[in-house]
There are 2 protein chains.
Amino acid sequence: MDDFDLEQFLPFRLNRAAEFIALRFAAAYKAEYGLTRPEWRTLAALGSSGRMTATEVGVHSTMHKTKVSRAVFALEERRWLKRTQHEDDRRVEHLELTAAGIKAYQELTRLARAYSAELEKLLGSDGLQALSSGLTAVENAMVKRRR
Amino acid sequence: MDDFDLEQFLPFRLNRAAEFIALRFAAAYKAEYGLTRPEWRTLAALGSSGRMTATEVGVHSTMHKTKVSRAVFALEERRWLKRTQHEDDRRVEHLELTAAGIKAYQELTRLARAYSAELEKLLGSDGLQALSSGLTAVENAMVKRRR
DNA sequence: AATTGACAGTTACGTTTGTAACCATATCGA
DNA sequence: TCGATATGGTTACAAACGTAACTGTCAATT
């Protein structure tokens, strides 16, 4: 009917691939821990980088303030995270994982690593390599076009 | 603190890239036509393949029934799409774009093509090539793991 | 000191989503 | 021919989301 093909359109393909790849992993932390994606990301950010502010978490994991805010609240309720006030600037709060949070983080990163290995098998190392360098190109473009 | 890095984790990278790439295009059809993504996808599917059922649209564009259902409703309200009943099976309805729908489809595919060109410049043809073959690998994996 | 503007984080509100239940119709098997 | 089961599509409900407005605090300017 026309020569446009949704199947070939990069935004569509990228979206579909991301949904497929990310959802399979999300299912794990959702089913086993009842975590949302923003919560998992916040946990991962704090777990790997240690103490951070909410804004820093947002930058690190590319999430909007409100998502971070809600995720922090949820993790705090679960006692996986505690806040402490910055002394010099009372607007800022430092976020840090509790012992329980660190434990959860470690279990989840174990899952994440297992999933990475599974992905390598699923995509083949060539496929993985191509995808990774394609993503790097996108990431470079993102920096350039940072709004 | 640990050797896991969210920044390196493929599901995260893929998600972020997809958000970036798709959102930039989505902004266009959202701002100019007030379309949602499911609506755009449905329009694109029907525009390029002609008459289809709702289920077929869902398969073609990997969307859940409910998304398709709502998108069809919205497009119908806008008079961009009309339904006709299948004679042999009254559960099924065939979907088809109206003249206005086809016109919108054509304008949007023009936008889509322009965006594709812009992406090539943004990512470089090497980056684009890599991304595309990486996505192909994911797509092959999706077929294998079709749930 | 008072005013202004910027910034960290939260909250309210309307929209979009996913899950599951649902209706209507069709098909299969006894 | 009847009952069970499957299928196409819709709807109800709760959860998640984005936008924008908000609170509280800080810094700069006067």
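Convention: sequence-line order gives letters A, B, ...; per-chain numbering from 1. Side-chain atoms are counted along with the backbone in the values below, which use heavy atoms only and exclude waters and symmetry mates. What you see is a predicted model, and the numbers here were worked out from it, not measured in a lab.
- The side chain of B:Thr66 approaches C:dG18 more closely than any other nucleotide in the set C:dT11, C:dG9, C:dG18.
- Interface limits on DNA chain D: the 5'-most and 3'-most nucleotides within less than 4.0 Å of chain B heavy atoms are D:dA6 to D:dA12.
- Residues forming a side-chain contact (heavy atoms from CB on, under 4.5 Å) with A:Leu108 (at least two apart in sequence, or on another chain): A:Tyr29, A:Tyr33, A:Leu35, A:Trp40, A:Leu43, A:Leu111.
- Using a distance-only test at 3.5 Å, with no hydrogens or angles considered, a donor-acceptor pair links the side chain of A:Ser61 to the main chain of A:Val57.
- Within the 3.5 Å criterion, the main-chain N or O of B:Tyr105 finds a donor-acceptor partner in the side chain of B:Thr109.
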*Under a 3.5 Å cutoff on both atom distances, Watson-Crick or G-U, what's the dot-bracket for DNA chain C ([ ] crossing, | other strand)?*
||||||||||||||||||||||||||||||
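- Take B:Thr136 and apply the side-chain hydrogen bond (donor to acceptor under 3.5 Å, both in side chains) test, not counting sequence neighbours, and it matches A:Arg13.
- Judged by closest nucleotide on DNA chain D, B:Val72 is the one of A:Lys30 and B:Val72 placed further toward the 5' end.
- Judged as a side-chain hydrogen bond (donor to acceptor under 3.5 Å, both in side chains), and not counting sequence neighbours, the contacts of A:Thr36 are A:Glu39.
- At least one side-chain heavy atom of B:Glu118 sits under 4.5 Å from a side-chain heavy atom of B:Arg24.
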Show me the donor-acceptor pairs, under 3.5 Å and distance only, between side chains in residues 14-23 of chain A and residues at least two apart or in other chains.
unit_1: A:Arg16; atom_1: NH1; unit_2: A:Glu7; atom_2: OE1; d: 3.3
unit_1: A:Arg16; atom_1: NH2; unit_2: B:Glu139; atom_2: OE2; d: 3.3

*For every nucleotide of nucleotides 21-29 of chain C, 5' to 3': is a protein heavy atom under 4.0 Å from its base (B), only from its sugar-phosphate (S), or from neither (-)?*
---BBS---
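- Every pair passing ring pair (Phe, Tyr, Trp, His ring centres under 6.0 Å) that includes a residue from residues 106-130 of chain A is listed here, sequence neighbours excluded: A:Phe25-A:Tyr115.
- Not a single donor-acceptor pair under 3.5 Å links the side chain of B:Ser132 to the backbone N or O of B:Leu128.
- For residues 42-67 of chain A, the set of pairs meeting the ring pair (Phe, Tyr, Trp, His ring centres under 6.0 Å) definition, not counting sequence neighbours, is empty.
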Per-pair distances, 0.1 Å, donor-acceptor, side chain in residues 92-104 of chain B, under 3.5 Å, sequence neighbours excluded:
unit_1: B:Glu93; atom_1: OE2; unit_2: B:Arg83; atom_2: NH1; d: 2.6
unit_1: B:His94; atom_1: NE2; unit_2: B:His86; atom_2: ND1; d: 2.9
unit_1: B:Thr98; atom_1: OG1; unit_2: B:Arg79; atom_2: O; d: 2.7
unit_1: B:Thr98; atom_1: OG1; unit_2: B:Trp80; atom_2: O; d: 3.4
unit_1: B:Thr98; atom_1: OG1; unit_2: B:Ala100; atom_2: N; d: 3.4
unit_1: B:Thr98; atom_1: OG1; unit_2: B:Gly101; atom_2: N; d: 3.1

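- Residues meeting the side-chain hydrogen bond (donor to acceptor under 3.5 Å, both in side chains) test with B:Asp89, sequence neighbours left out: B:Arg91.
- In terms of position on DNA chain D, the residue among B:Glu19 and B:Glu93 whose nearest nucleotide sits closer to the 5' end is B:Glu93.
- Using modelled atom types, no side-chain atom of A:Ser49 and backbone atom of A:Leu46 make a donor-acceptor pair closer than 3.5 Å.
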Listed pairs, N/O of protein and of nucleotides 13-17 of chain C, under 3.5 Å:
none

